[in-house]
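Notes follow the structure.
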Amino acid sequence: MELVSNLALGFQTAISPLNLFYCFLGVLIGTLIGVLPGIGPVQTIAILLPATFALPPVTALIMLAGIYYGAQYGGSTTSILVNVPGEASSVVTCMDGYQMALQGRAGAALTIAALGSFFAGCFATLLLAVLAIPLSELAFKFGPAEYFSLMVFGLIGSIVFASGSVIKAVGMVVLGLILGMVGTDITSGTQRFSFGIPELADGLGFVPLAMGLFGISEIIKSLERREKREVLKSKIMGFWMSKKEIKAAAPAVVRGTLTGSLLGILPGGGVILASFISYMLEKKISRDPQSFGKGNIRGVASPESANNAASQTCFVPLLTLGIPSNVILAMMAGAMIIHGIQPGPRVISSNPSLFWGVIVSMWVGNLMLVILNLPLIGIWVKLLSVPYRLLYPAILLFCCIGIYSVNNNTFDIGLTALFGLLGYTFAKLECEPAPLILGFVLGPMMEENLRRGMLLSRGDPSIFFTRPLSLAFLLMALAMLIVIALPAIRRKREDAFREEGEKS
Amino acid sequence: MHIRRTKDFKAGLIFIFFGIASAVFSAGYQIGTSAKMGPGYFPFALGGVLTVLGLVVSLGSLSRGEGTRKARSFRVKPVVLVLSSVVLFGLLLRPFGLVFSTVILIIVSSMASDEFKKKEAILNAFVLLAIVLIVFVYFLKFQIPLLPSLLVGRI
């Protein structure tokens with residue numbers, strides 16, 4: 001069995017003392033920032049990226065991946081105990097998780113969130129291992145036309161899953177693509193949109209853009225809201241679930257895991273979407289939809305499993321096709337490139353111990369999380385009682401130091417402030433920043449593949465429609481666009497995002 | 001005709017601005033042909049698309065009907081203080097070092113909160129400074145100037 005020998009190789013790598021230690025550190029930091037509202041995996045990975053330069057590449061990736069899925073565990077703790085999502089993906093968990101806490105079932109809610117996530121993590125790790133080889137073989141058949149169409153599909157995906165107006169989301173994607181053009185054009189060496197500023201010759205930095213649009217603008221928005229946080233004062237008693245709760249939660253965990261795994265693989269998808277759709281699904285198929293939002297354990301079990309599954313399966317497109325499907329994965333791609341590894345189908349064959357080591361470490365990390373999470377809840381609760389007015393200056397400071405240390409230049413700090421202003425303006429105008437970031441990351445790759453494709457076909461655009469795989473991607477993208485344009489689905493989508501808006 | 005949804009109208013204007021800017025600057029680079037695209041081809045096309053999208057969004061927000069939905073207003077204080085604390089940090093880091101710029105960043109950004117207390121912010125600044133020195137400088141060995149360059153030069 002090839003799979004078994006691959007996983008064995010992965011185990012060897014993942015359980016070396018050094019990797020084990022950094023995996024632990026990663027999931028611990030991940031849980032910590034997952035618990036704290038206002039700081040997420042994007043900022044954390046950006047801050048810690050320079051610190052991983054000294055580590056071997058596999059160790060660095062193991063730690064950074066741990067931060068990502070660890071954050072999904074931590075986010076649920078805050079949602080359940082404080083009714084504030086620690087992570088965007090835990091928004092839905094607030095609805096039923098906090099209600100359970102009010103009914104004195106906080107312990108059970110935390111337990112099912114952790115166990116559901118663990119189950120999802122195991123399943124997603126296995127799925128990743130099974131899918132990796134066939135998908136990367138498929139990727140070798142890709143020419144520029146296929147890559148271009150796949151990216152179109154991914155970008156349309158990010159539009160479909162953005163909240164608010166579709167046409168504004170399209171605009172944000174195009175704006176992202178344009179921002180991605182800044183810097184030296186690789187084919188001709190021409191400087192584009194750099195206006196003679198030397199720091200722009202290599203393009204806009206991804207870290208300042210992401211930190212500005214997400215980190216800084218988020219802080220300003222939170223300062224406007226003046227929300228009051230009330231940590232549950234009563235003692236969390238009884239981590240054990242009742243028989244009835246187990247019976248209700250177990251199938252929900254399985255459904256959440258399947259939904260999350262699928263949505264994680266789709267380009268443009270990701271954890272937020274996964275937790276949302278799985279919650280909607282759970283409510284839809286329930287015989288008693290009224291009980292959702294009033295402390296139904298299935299409303300915790302399903303989305304928490306889904307977001308954890310998705311946070312792992314979304315590594316599939318990056319590791320096999322070389323295409324990051326969301327912001328965090330774009331950061332991971334950046335980390336791989338900095339460590340001298342080009343993400344794509346070649347990683348499996350040229351770096352097998354890295355590839356399988358990272359995959360197996362996800363399972364190891366999940367095991368650590370489930371053991372770590374429950375005993376540490378007391379500490380997380382204490383941490384949450386630190387008021388936001390002390391917390392946000394710290395987040396700003398860590399962001400600034402992180403940005404500076406990526407390139408050792410202060411220009412990027414100014415750029416971050418500029419994108420912070422832009423991000424805040426967009427938030428006010430209800431333009432979602434996620435499609436912009438994805439456009440920014442995919443922009444240069446898209447242009448290169450478009451150019452190569454058109455060069456091969458001597459300027460005939462039909463190359464994108466006559467090659468079967470390329471046509472399939474474009475048809476799928478078209479189908480997604482048609483589906484959201486249908487009035488019935490559009491209304492549903494608006495409802496889903498409205499609920500999200502009210503809670504966040 | 002009047003503007004029914006200011007949010008959409010303004011978002012459209014931003015798109016038009018970036019779209020036209022992109023098209024205008026790209027026109028200055030070599031455009032090339034569709035078989036052999038120059039550096040200006042793709043951004044020029046994108047600029048055109050963005051301008052059209054911006055027009056659609058803006059014009060879609062106009063209507064003959066009654067009632068205006070305004071965009072939520074900006075609150076000036078948090079925006080200005082948070083952003084200027086970041087900019088100040090960037091400007092002060094090289095000439096004055098990490099210690100000084102950290103304290104400034106924390107105090108200026110703390111003032112953005114409605115619950116600002118002077119003593120608490122100063123205390124917070126020094127606690128965070130200690131954390132930064134221990135974690136980033138001592139353990140992670142970040143290469144960051146610590147003290148004012150003038151002072152270091154003299155010693």
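Being a predicted model, the structure only gives us computed values, none of them experimental. Below, read A as the first sequence line, B as the second, and so on, with proteins coming before strands; counting in each chain starts at 1.
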_Measuring only between side-chain heavy atoms, which start at C-beta, is A:Arg451 closer than 4.5 Å to B:Pro39?_
yes
*Could you check which of B:Val132, B:Thr33, B:Val56 has the highest count of heavy-atom pairs closer than 4.5 Å to chain A?*
B:Val132
_Qualifying residue, where the test is side chain to side chain contact (heavy atoms under 4.5 Å, CB included) with A:Leu396 and the options are B:Leu128, B:Val86, B:Val108_ = B:Val86
*asked:* Taking the side chain as everything from C-beta on, heavy atoms only, tell me whether B:Val79 gets closer than 4.5 Å to A:Tyr424.
replied: yes
_chain B contact via A:Phe411 - which portion, at a heavy-atom distance below 4.5 Å_ = neither
*Where on B:Val135 is there a heavy atom nearer than 4.5 Å to chain A: the side chain, the backbone, both, or neither?*
neither
_Minimum side-chain heavy-atom gap B:Gln30-A:Thr190 below 4.5 Å_ = no
*asked:* What part of B:Lys117 gets within 4.5 angstrom of chain A, counting heavy atoms only: side chain, backbone, both, or neither?
replied: side chain
*Output the option from A:Gly414, A:Cys400, A:Ser188, A:Cys399 having the highest count of non-hydrogen pairs under 4.5 Å with chain B.*
A:Cys400
*Considering only heavy atoms from C-beta outward, does the side chain of A:Ile401 approach that of B:Leu98 to under 4.5 Å?*
yes
*Using a cut-off of under 4.5 Å on heavy-atom pairs, state which of B:Tyr29, B:Phe89, B:Phe25, B:Tyr41 scores highest against chain A.*
B:Tyr29
*Do the non-hydrogen side-chain atoms of B:Met37 and A:Met454 ever get within less than 4.5 Å of each other?*
yes
_Closer than 3.5 angstrom, by distance alone: can the side chain of A:Arg192 be matched with the main-chain N or O of B:Ser26 as a donor-acceptor pair?_
no
*Ignoring hydrogens and geometry, is there a side-chain-to-backbone donor-acceptor pair from A:Tyr404 to B:Gly90 under 3.5 Å?*
no
_Tell me whether A:Tyr392 contacts the main-chain N or O of B:Ser110 through its side chain, where contact means a donor paired with an acceptor under 3.5 Å._
yes
*asked:* Heavy-atom pairs under 4.5 Å with chain A - which of B:Val87, B:Ile14, B:Leu50, B:Val49 has more of them than the others?
replied: B:Leu50
*Yes or no on side-chain contact (heavy atoms from CB on, under 4.5 Å) for A:Arg389 and B:Phe116, after CA distance, side-chain angles and deciding distance?*
CA-CA 7 Å; A:Arg389 63 173 187 277; B:Phe116 172 67; over 6 Å; no
